[in-house]
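What follows is a short report on a single structure.
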Amino acid sequence: MGISRPSRPVLVTTAAAAGALLFTTVAPGSAVADPTPRPAVREGSPLDADRAATAPERAADRALGDTRAPDLGDGGRGYPRERELTEPPANPADKSIKLGLTPYHGIAPRLNALQRVGDRVSVEVAGRSAGGHELYLVTVTAPESARETARQERMRERIENAPSAAAKDKEIKSSYKTPVFINNNIHGNEWEGTDAALKLIEKLAKAKDRRSRDLLAHNRLYFNVTTNPDGRIAGTRANANGFDLNRDFITASQPEARAVRRIAVDKQPAVMIDLHGYVNGTLIEPTTPPHGENYEYDLFLKNSYANALGMEAAVNGLGYTEEKDGVLPAVIPFRDQEEGWDDWPPIFTPQYMPFHGAVATHTIEFPMQVNNEEYDTQPVAELRRRAAINVDIAGAAMRATLDYTEKHRTSVIADQIEVFRRGATGAKQVPVSEETVPGVPGIGPEDVYTTEFPRAYVIPAGRGQRSATAAARLVDHLVANDVRVERASHGFRLGGRAYARGSYVIDMHQPKRGLANVMLADGRDISDKVSTMYDISGWSLGRLWGASVDSVKDGGLKGVHARVVHAAAKVGHVAPRGALRLRLDDPREVAALNSLLAKGVSARQDGTGGAILPSSARGAAIAAAEKYDVAFEATKAEGGAALHRTRVAAAVTPGELFALREMGFDVVPVSTAVLNAGFDWTKADALMVSAGLDRAKLDAAAKSALDAFLKKGGGLVGRGAAGAALNSGAGLLVAEPVEGNGDANGVVRVANAGGTITGGAPGHSFVYSPTWFTGLGPGVRVEQRYGTGDPLVAGHWRALEDGSGGPADAAGRASVVSGSAGRADVVLFGTEPLFRDHPKGVFPQVGRALLSVGRS
């Protein structure tokens with residue numbers, strides 16, 4: 001996936017080279033290997049599509065119903081905090097067992113035993129996985145009284161919320177315990193970090209030497225033992241919902257990601273590492289360009305590169321060789337590669353943590369592959385040999401990180417304070433260079449990424465807001481991420497615009513301005529910066545979550561009278577008399593409608609994408625408004641066609657399946673295999689296809705049954721190449737799909753035609769492998785077009801080598817089309833409106849489409 005370049009010159013800094021590493025014997029040497037990073041795993045692959053067909057609905061219910069992780073604050077308690085964990089029953093099918101590693105059911109007994117060894121180990125339950133398994137957060141530190149813990153918490157609060165004062169605070173400099181976070185097994189079939197963590201916890205619990213005592217006296221070490229127990233047990237990358245958790249941090253749709261977010265907010269790590277596999281030699285970040293433009297990257301690179309050198313020395317110092325063990329020397333992408341392993345998107349754990357003050361974060365990829373095909377084909381003895389090497393290497397990386405933190409804890413905390421100080425004071429970023437980050441070789445203009453922070457963002461109230469429900473959702477999401485949001489108590493003017501009382505203001509002079517900006521800004525078109533990207537390149541919540549968000553470039557906020565909020569104000573209400581109109585501009589509104597339809601409440605289309613309910617539905621509407629926080633407005637319209645709750649047969653990706661369930665649809669997952677096994681089409685009113693269903697591979701009976709379903713009025717919603725292929729194969733709409741560059745992704749401008757599918761929809765959408773439609777037949781309606789000129793707002797979208805497939809080819813072309821073929825109603829999407837449960841404001845387009853095409 002990456003393109004190699006000659007290694008940048010290696011300069012071992014004094015910080016990394018001085019002294020032996022904690023618990024480690026270090027051999028000299030530096031990385032010389034230059035591997036190509038593995039390709040990104042994209043939702044929608046055949047593997048993920050097959051998993052989608054069996055995804056448990058109860059896992060989606062659990063994730064959707066549990067939107068907040070437990071509070072992991074200190075709560076007046078000291079350390080240790082012994083908690084007797086419930087020990088799960090033994091599961092002989094746990095995939096860890098074959099590798100000689102610790103099965104999930106073996107973790108709780110070990111942690112229970114370790115809590116009884118001395119007074120250093122504490123265990124908390126940080127939450128539950130989508131599959132219902134407990135997530136164990138282990139804290140290892142010297143004992144603290146409740147009074148001392150409270151003192152530590154006051155210092156932590158001061159570091160974030162009064163950074164200028166904290167920078168001068170002698171107590172913080174001398175006494176604050178540096179928080180270090182070690183995250184393991186976020187990809188379920190990359191197991192070994194968990195076992196390395198358990199070994200290290202045990203060693204620290206029992207250690208008698210002075211260096212260990214000093215380490216624990218000056219630091220708090222937090223271990224997320226397994227972030228993804230569902231995948232650990234099943235041997236899958238994803239959790240029980242089919243989600244890659246290391247892609248979820250900007251959205252936090254899954255409970256495991258929310259648990260890590262809570263750790264970030266409550267513990268405020270200064271240093272963190274995330275243990276993965278498998279790249280040979282061991283890959284140790286920092287990364288290649290492009291670098292996230294919202295970081296204080298000079299502080300980040302200073303610490304991350306020095307820590308990487310220490311980890312490299314520790315890993316290479318274990319003595320594994322290519323000849324003897326098949327292990328190549330470690331690699332640092334920033335130094336050793338040109339591009340292809342970037343830290344641009346904030347969706348990965350180490351790329352999310354810097355926004356909470358971490359100044360050294362790393363993905364570590366240990367080298368010896370034991371998952372996927374290797375798991376199934378290699379002898380058990382060979383798998384266990386490889387896994388043991390990986391555990392050893394993961395442990396070396398952990399120990400080296402602790403050694404770096406202990407040696408540099410004063411400067412590490414000073415740099416964390418400086419991150420927050422720059423945010424709070426509105427200071428400019430410091431571009432990286434050999435002068436601003438001395439000791440890091442090879443810094444060039446290709447490494448310089450900065451941004452201009454606006455003075456504020458405003459989420460308007462009243463008529464200036466597209467969707468009050470979407471605005472409330474966005475505010476709650478910002479607050480959950482520890483972004484400071486205020487609500488105006490009076491009307492005000494800002495940036496030349498008037499705003500009503502109740503509008504929300506995000507003052508960008510705040511400690512976590514980087515996180516606020518990374519969520520709310522448009523982002524940047526980086527197509528000309530690099531030739532390839534590891535994952536997505538655009539993600540703006542300001543454009544994609546359905547709320548109106550204004551950026552105020554400069555000026556003062558003295559005229560704004562506002563108070564900090566801890567949750568958005570409720571927006572749900574029901575007009576006191578007459579018929580009711582429910583807008584369908586947010587997933588919650590679609591879910592509310594589906595809940596009412598499921599109860600037998602009558603509803604009709606309003607012609608612009610909303611729903612009309614009779615006055616007799618007021619009682620049911622009041623309950624729905626309370627549950628979903630949506631508004632039912634008064635209307636005199638009678639409405640058009642009747643709406644019915646659409647039962648959906650869905651051949652889709654895990655993220656799309658989750659989004660459909662979030663919107664309250666009755667979903668039955670299907671695939672080519674499911675249809676060939678015999679499917680009862682009386683259970684469905686519409687078919688949605690985006691992945692995992694190929695009409696050409698259906699047997700005669702399955703193909704005949706599908707065609708009969710469509711002929712009798714079953715609807716079709718198709719997305720991308722797979723949806724368009726099924727439409728074509730079934731002889732439905734005349735619409736020629738044109739596939740753009742398959743690597744393209746990002747936020748795009750669109751022009752909506754209005755009406756049932758796109759009425760009132762945002763002027764932006766999301767694409768990944770974009771498609772558009774030409775050669776439209778009679779009766780085919782264009783619901784939406786890509787913007788003219790260059791439709792890409794933020795992301796990475798280049799033309800192919802022959803010059804085709806780029807944004808210029810897509811400009812002005814149909815991105816969403818609809819029509820009828822016989823009795824079958826069809827809607828085809830060339831955008832990706834349900835991607836990873838992310839672009840919330842675009843979800844309703846699919847919801848409306850399904851409600852429109854479903855047979856009654």
Under 4.5 Å between any side-chain heavy atoms of Val738 and Asp809, yes or no?
no
Which class fits the ring pair Trp797 and Tyr786: parallel under 30°, tilted 30 to 60°, perpendicular over 60°?
perpendicular
Pair Arg237 + Asp244: basic N to acidic O under 4.0 Å:
yes
After noting the C-alpha distance and the side-chain angles of Asp230 and Ser129, does the key distance pass the side chain to side chain donor-acceptor pair (under 3.5 Å) rule?
CA-CA 7 Å; Asp230 300 351; Ser129 69; 2.6 Å; yes
Does atom CD of Glu739 have more than 12 heavy-atom neighbours from other groups under 6.0 Å away?
no
Without placing hydrogens or testing angles, list every side-chain donor-acceptor pair under 3.5 Å for residues 623-641, not counting sequence neighbours.
from: Asp629; atom 1: OD1; to: Val571; atom 2: N; distance (Å): 2.8
from: Asp629; atom 1: OD1; to: Gly572; atom 2: N; distance (Å): 2.8
from: Thr635; atom 1: OG1; to: Ala637; atom 2: N; distance (Å): 3.1

Is the shortest distance from a Lys or Arg side-chain nitrogen in Arg466 or Asp585 to a carboxylate oxygen in the other one below 4.0 Å?
no
Going by atom type alone, with no hydrogens or angles, which donor-acceptor pairs under 3.5 Å involve a side-chain atom of residues 721-736 and a protein atom two or more places apart or on another chain?
from: Asn727; atom 1: OD1; to: Leu733; atom 2: N; distance (Å): 2.9
from: Asn727; atom 1: ND2; to: Leu733; atom 2: O; distance (Å): 3.1

Report, one line per pair, each donor and acceptor closer than 3.5 Å where one atom sits in a side chain of residues 838-846; sequence neighbours left out.
from: His838; atom 1: ND1; to: Thr251; atom 2: OG1; distance (Å): 3.0
from: His838; atom 1: NE2; to: Trp539; atom 2: O; distance (Å): 3.2
from: Lys840; atom 1: NZ; to: Glu662; atom 2: OE1; distance (Å): 3.1
from: Lys840; atom 1: NZ; to: Glu662; atom 2: OE2; distance (Å): 3.0
from: Lys840; atom 1: NZ; to: Asp837; atom 2: OD1; distance (Å): 3.4
from: Lys840; atom 1: NZ; to: Asp837; atom 2: OD2; distance (Å): 2.9
from: Gln845; atom 1: OE1; to: Gln784; atom 2: NE2; distance (Å): 3.4

Return all side-chain donor-acceptor pairs below 3.5 angstrom for residues 770-780, not counting sequence neighbours, or 'none' if the list is empty.
none

Going by side chain to side chain donor-acceptor pair (under 3.5 Å), name the pairs with one or both residues in residues 696-710, residues two or more places apart or in two chains.
Arg695-Asp707
Only pairs at least two apart or in different chains count here, so list each salt bridge (Lys or Arg N to Asp or Glu O under 4.0 Å) that has a residue in residues 816-830.
none
Sub-4.5 Å side-chain heavy-atom contact between Ser852 and Val827
no
Would one find more than 12 heavy atoms of other residues, nucleotides or ligands at under 6.0 Å from atom CZ of Arg813?
no
